[in-house]
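Chain identifiers are assigned alphabetically (A, B, ...) following the order of the sequence lines, protein sequences preceding nucleic acid strands; residue numbering begins at 1 within each chain. Just so you know, these numbers come straight off a predicted model, no measurement behind them.
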Amino acid sequence: MLRFVVRRFLGGVGVLWGVVTLVFIIGFVIPINPARVIAGRNAPLSVVRSIYRQLGLDRPLPVQYGEYLWHLVHGDLGVSYATNQPVSQALMQRLPYTLELVSLSVLGELVIGVGLAVIAARKQGSLGDGVASVVAMTGLTVPTFWFGLVLLYAFAYKFAFFPLGGVASASWVVLPAFSLAFTGAGFYTRIGRSSILDELNEDYVRTARAKGATNRRVLIRHALRNALRPVVTMAGLDFATLMGGVLVTEQVFGIPGLGTLSWTAILQNDLPMLEGVVIVVGAVIVVMTILTDVLYALLDPRVNLEATG
Amino acid sequence: MPARRGVARARRERLVRSSREHAVLSRPAVPATGLAEVSERRSGRAWQTWRAVVSRPSGVVGVVVTLLVVVVSVFATVLAPHSAYYQFPNGLASDGAPVGPSAQFLLGTDALGRDLLSRLLVGIQNTMEVAVVANVIAAAIGVAVGSVAGYAGGWVDVVLMRTTEVLLAVPAILLAGFIALVTQPSKLSLIVIIGAVNWFYLARIVRGEVLVIRSRQFVEASAVAGARHPQVLVRHVLPQVWPLVAVYTTLQFSTTTIFVASLSYVGVGIQPPTPSLGDLISEGSTYLTSVPRLAIIPGIALGLIVLGLNLLGDALRDALARRD
């Protein structure tokens, strides 16, 4: 188990290195002269040149890349063009909001998705099956950010159960997390349903039934555990999409997380800030993917921990 | 690479055996079936797929909605009752609030006194224009990368697949943000952005499929018959992949549409005053508490489009799955 985790971790570091390199390449290719942005539009060329040298941008590319990596491993992501604040400091202030929203959304997504899948698979073609599939299809259809707006209108304005945006009250996370969970759950309901139905046709289910296990017990104790494997796999592949959704949803609910940070950064041409967000979001996704892989292995003892790496 | 050579030899031997069985090589360059037979079977296949799609209600709904979207996208400016940009003097009430639905403005007006229905229709057109072209570009890149990776194998495969892994670890919308840093987003830049960031999944799916197809005997047969790699890939492998690509692209299409809208919503998409679905929702969200209609209606339109595309994609997938 430990070897498996270590190997997955190293793989994750590899992916993260790729993300970091991608960010470096984009920063190099993008036609923005950082010295010009810092000096301002009307600064004389000599000033721009001296800032250019100060930033070390006149040195060979490999040297710049090495220094960039060196700074990164020391937690130095540069300084914001717009606010002169260290990027890492800004990111640390914003990250907790995003993390809270992401983790609750994933949890909600799985609970709603798998719950509906169980209801649907319990009796194929029943009313529950029909309702579950309609709910799943609705979730797949409704654009997340728009659903967030509707929730805001209904449950923060018409019926003021929750705050109308912002994070002042402790219940701020409920509506945004639900909007993400509901729109993401449909996907898992579909996979979960067909996966449970497949499992119910397996021999071991028949054996369990023959031993006198109740339908409920067969479904929950026997079939569900195996049926969860594809669901977990899909969750692992879906994190980037979910993070994208989270970033947009933050804008809807006025949550001061990484999403709103990046949209402001784009408006202000704040390249280091946007790069910082990409790196941190990449790191979050990599960590979640590793956790998923470990969970996958725990769910299914048949997974060969040595071979998958 | 002795091991590689061993594999190649084993493959050749297997081929010679199979060619003896099927006498493929006695008719050089033409694989097991004649060309006329292939084209006839293909039209039959398309017809069967179509029948399967429309044989169930959800498939019919999918087809109808998709056709409607196509009609609106092509004829938006003809269908629109008014200009999408004109600010009607009577489009705002005396207190400056937008007027509700009436005979003149079927869905009412927006905060600047413009006809919401006209803006909606043109907005659908703009959104779909970007989504369609971007999706086609993404599909082309995905098929190219995936098939080359799967067919070539070896280090090409490793490099291409590691690259997609890295790109999959960054939300596409952030990658799009970089491009918005540099240029004022236009339809063209959006198409480039979305095309560039939406091909990863398809590349991986196509790669997996090509890996399977590559090991089939007709591929080896054509290689033995003297076809070069590009020819084998394009003539023999890719035709087998198209159904999968069609299904995936249709399903991906709805995601792309939402993506286009999301970009506009966070301000890095199609810029006002040009209407787009995301932009209409974004503008409307400012007046969410006073005039909820402005954000709700474009959202419903977007949802219906996505629903139609999803239903069509599902029906296609099931139809093709049943055939296999």
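Residues B:L277 and A:W146 form no side-chain contact, since every pair of their non-hydrogen atoms from C-beta on lies 4.5 Å or further apart.
Around CZ of A:F9, the count of heavy atoms belonging to other residues, nucleotides or ligands within 6.0 Å does not exceed 12. At most 12 heavy atoms of other shown residues, nucleotides or ligands fall within 6.0 angstrom of atom CZ in A:F155.
The minimum heavy-atom distance between A:V19 and B:A169, with the atom names listed, is CG2-CB, 4.1 Å.
If you measure heavy-atom distances from B:I300 to chain A, the contacts under 4.5 Å come from both the backbone and the side chain. Residue A:L22 touches chain B through its side chain alone, counting heavy-atom pairs closer than 4.5 Å. For A:I266, the parts sitting under 4.5 Å from any heavy atom of chain B are the backbone and the side chain alike. Proximity to chain A is limited to the side chain of B:L175, based on heavy atoms less than 4.5 angstrom apart. For a residue to count as touching a neighbouring chain, one of its non-hydrogen atoms must lie under 4.5 Å from one of that chain's; by this rule B:Y201 touches chain A with the side chain only. B:T289 touches chain A through backbone and side chain together, each having a heavy atom under 4.5 Å away.
Between chain A and the options B:G308, B:G299, B:G303, heavy-atom pairs under 4.5 Å are most frequent for B:G299. Chain B forms the most heavy-atom pairs under 4.5 Å with one residue out of A:S262, A:G244, A:A265, and that residue is A:G244. Between chain B and the options A:V248, A:V23, A:V286, A:V142, heavy-atom pairs under 4.5 Å are most frequent for A:V248. Of all the listed residues (B:V306, B:V166, B:V266), the one sharing the greatest number of non-hydrogen pairs under 4.5 Å with chain A is B:V266. For the set B:S285, B:S282, B:G177, the entry with the most heavy-atom pairs within less than 4.5 Å of chain A is B:G177. In terms of heavy-atom pairs under 4.5 Å with chain B, the best-connected choice from A:Q268, A:K158, A:E275, A:M137 is A:M137.
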A:R190/B:D314 under side chain to side chain contact (heavy atoms under 4.5 Å, CB included): CA gap, chis, key distance, verdict: CA-CA 11 Å; A:R190 297 179 134 198; B:D314 285 348; 2.4 Å; yes
Could you walk me through whether B:F178 and A:L271 pass the side chain to side chain contact (heavy atoms under 4.5 Å, CB included) test, one step at a time? CA-CA 8 Å; B:F178 277 110; A:L271 183 61; 3.8 Å; yes
One pair to check against side chain to side chain contact (heavy atoms under 4.5 Å, CB included): B:L174 and A:M243. What are the steps and the verdict? CA-CA 10 Å; B:L174 281 182; A:M243 275 306 278; over 6 Å; no
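If you take OG on B:S290 and OH on A:Y157, they are separated by 7.5 Å, rounding to the nearest 0.5 Å. Rounding to the nearest 0.5 Å gives a distance of 11.5 Å between CD of A:Q251 and OG of B:S262. Here the CG atom belonging to A:L149 is positioned 7.5 Å from the CD1 atom belonging to B:I296, to the nearest 0.5 angstrom.
The only member of A:V278, A:L242, A:T241, A:I285 that meets side chain to side chain contact (heavy atoms under 4.5 Å, CB included) when paired with B:P171 is A:I285.
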